[in-house]
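Taking it in order: structure first as structure tokens, then the write-up.
Chain identifiers are assigned alphabetically (A, B, ...) following the order of the sequence lines, protein sequences preceding nucleic acid strands; residue numbering begins at 1 within each chain. Values below: every heavy atom of this structure, side chains too, minus hydrogens, waters and symmetry copies.
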2 protein chains.
Amino acid sequence: MTDGRLLKGEQTRRTILARAADIASAEGLEGVSIGRLATELKISKSGVFTHFGSKEELQLATVRAAAETFRRHVVEPALAAPEGMPRVRALYEAWQRYQREPVFPGGCFFYATVAEFDARPGRVRDAIAKAERAWSDFTERCLREARDLGHLTPETDVAQLAFELHALCRAGGANALLHDDNAAYARSAQAIRSRLSTATPHP
Amino acid sequence: MTDGRLLKGEQTRRTILARAADIASAEGLEGVSIGRLATELKISKSGVFTHFGSKEELQLATVRAAAETFRRHVVEPALAAPEGMPRVRALYEAWQRYQREPVFPGGCFFYATVAEFDARPGRVRDAIAKAERAWSDFTERCLREARDLGHLTPETDVAQLAFELHALCRAGGANALLHDDNAAYARSAQAIRSRLSTATPHP
DNA sequence: AAGTTAAACGAACGGTCGTACTTTCTTCTC
DNA sequence: GAGAAGAAAGTACGACCGTTCGTTTAACTT
């Protein structure tokens with residue numbers, strides 16, 4: 001167990017969480033039931049339960065697992081690009097790719113769960129909010145770097161810009177799913193492109 | 001019954017639907033259960049059930065009721081303003097007011113339910129999608145009028161603009177709720193203002 | 001290969017879910 | 001005010017919920 005192999009339990013736990021995140025992206029975290037996971041994964045209900053000890057812990061673990069997936073699909077590709085505008089562009093491209101690929105069958109895990117828990121105080125909401133905050137902190141950092149390198153105009157309000165790009169990106173995925181209309185992705189991409197260009201020096 | 005008075009049954013039905021929409025805005029349409037409505041409204045479970053005949057019909061009726069509420073709070077105020085930019089501005093102001101008032105305790109009913117059902121085919125999703133479509137058709141109509149009156153530049157892509165404003169407006173409410181941060185409303189308002197100004201002639 | 005620990009099982013719990021009945025009471029109509 | 005129509009109550013159903021328990025099987029350690 002000093003090498004890379006996984007203990008049996010850890011392996012099962014990951015399987016459960018991956019499925020839980022998939023379900024949650026499409027039907028919300030409340031749609032994830034222990035009995036359902038057990039049936040679909042052909043494990044006993046108690047076998048699923050023991051890994052987490054409570055429904056809430058399962059939900060929290062699912063949020064953490066989804067955040068890790070998000071990081072791998074969006075943050076890492078961005079970090080692979082050079083600082084400044086290239087990284088900013090890589091970031092939003094990766095984000096859009098992640099939404100339509102689809103990494104999660106129900107679109108973005110966080111779009112679904114934010115809407116589900118934003119008005120429901122508790123540990124789950126706090127965990128989701130924390131993941132969201134970490135993500136927007138990261139986008140702001142990338143945009144700030146771009147501004148400091150002169151790739152964006154000095155007056156650029158980074159927080160405001162991050163908010164707007166966030167809104168535009170999320171809306172693309174949501175509209176595409178709701179209306180079965182891939183054109184929404186294009187609209188989203190176009191909006192992000194032109195919003196970024198308004199903050200770009202000497203047009 | 002030719003006068004304005006309501007039959008007893010219709011009155012109860014409305015009470016149920018109002019509560020159902022309130023719950024759904026905060027916890028989703030699946031969070032609306034017949035037993036819960038019965039307990040909270042001090043009616044018997046069967047008393048609630050009889051009005052709709054099935055859970056799905058209750059959900060569909062809730063969507064219709066919420067759409068009517070939305071229309072009253074957002075569409076009507078906009079129609080009261082003169083065509084062109086005044087109406088466009090009235091529209092987005094009313095929308096933002098509706099989100100924070102709050103008309104629904106969990107923010108926008110449609111933000112919550114779209115995210116819940118966008119990846120779940122069925123009659124409920126279709127009803128939500130239809131309401132959304134009616135709404136964006138209306139915003140596009142208002143923007144088109146403004147363009148035709150010369151209040152927006154002739155090249156304005158109305159559908160694209162509507163998409164972006166929609167995204168920005170929704171994001172304000174969502175962020176404000178998730179992070180308990182009223183500044184999100186201001187960001188949203190600011191984004192809408194500046195996006196509209198980019199489509200406004202001779203700056 | 002044996003010994004130990006971790007993982008998964010299976011059955012059962014009290015609750016709540018949506019739905020199906022029949023019965024009782026209100027309310028509207030004439 | 002009597003009769004018809006409608007609304008609400010009451011009860012019961014099977015299904016699934018999260019959770020607890022004691023037991024059994026599998027995996028890891030040495």
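Regarding B:Leu41, its CG atom lies at a distance of 13 Å from the C1' atom of D:dA8, rounded to whole Å. Whole-Å rounding puts the B:Gln11 CD to C:dT27 P distance at 10 Å. One atom, CZ of A:Phe49, and another, C1' of D:dT19, lie 5 Å apart when rounded to the nearest Å. The distance between atom CD of A:Glu10 and atom P of C:dA7, rounded to the nearest whole Å, is 9 Å. Rounded to an integer number of Å, the gap from B:Glu56 CD to C:dT19 C1' is 14 Å. Computed from coordinates, the B:Ile43 CD1 to C:dT26 P distance equals 15 Å when rounded to whole Å. A:Leu37 places its CG atom 15 Å from the P atom of D:dC16, with the value rounded to the nearest Å.
Distance alone, capped at 3.5 Å, places no donor-acceptor pair between the B:His151 side chain and the B:Gly84 backbone. In this structure, the side chain of B:Arg147 engages the main chain of B:Thr156 through a donor-acceptor pair within 3.5 Å.
Residues A:Phe52 and A:Ile34 form no side-chain contact, since every pair of their non-hydrogen atoms from C-beta on lies 4.5 Å or further apart. The shortest side-chain heavy-atom distance between B:Leu79 and B:Phe138 falls under the 4.5 Å cut-off.
Residues passing the salt bridge (Lys or Arg N to Asp or Glu O under 4.0 Å) test with A:Lys45, sequence neighbours excluded: none.
Both A:Thr50 and A:Arg36 lie near DNA chain D, and the one whose nearest nucleotide falls closer to the 5' end is A:Arg36.
Residue pairs meeting the salt bridge (charged side-chain N to carboxylate O under 4.0 Å, His left out) criterion with at least one member in residues 156-165 of chain B, sequence neighbours excluded: B:Glu164-B:Arg195. The salt bridge (charged side-chain N to carboxylate O under 4.0 Å, His left out) analysis of residues 65-85 of chain A, with sequence neighbours excluded, yields the pairs A:Glu68-A:Arg71, A:Glu68-A:Arg72, A:Arg71-A:Glu76.
Within residues 120-127 of chain A, no residue has a heavy atom under 4.0 Å from DNA chain D. Scanning residues 25-35 of chain B for heavy-atom distances under 4.0 Å to DNA chain C yields B:Val32, B:Ser33, B:Ile34, B:Gly35.
Nearest nucleotide to the A:Lys55 side chain, out of D:dG18, D:dA8, C:dA8: D:dG18.
Relative ring orientation between B:Phe104 and B:Phe109 is described as tilted, the plane-to-plane angle lying within the 30° to 60° band. The aromatic rings of A:His73 and A:Tyr98 sit tilted, their planes meeting at an angle between 30° and 60°.
Distances shorter than 4.0 Å separate some side-chain N or O of A:His51 from OP1 or OP2 on C:dA8.
Nearest approach of A:Ala20 to A:Leu37, heavy atoms of both residues: N-CD2, 3.9 Å.
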Sugar-phosphate or base contact per nucleotide [nucleotides 10-15 of chain C; S, B, -; heavy atom under 4.0 Å]: B-----
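Of the candidates B:Arg120, B:Arg123, B:Arg125, B:Glu56 forms a salt bridge (Lys or Arg N to Asp or Glu O under 4.0 Å) with just one, namely B:Arg123.
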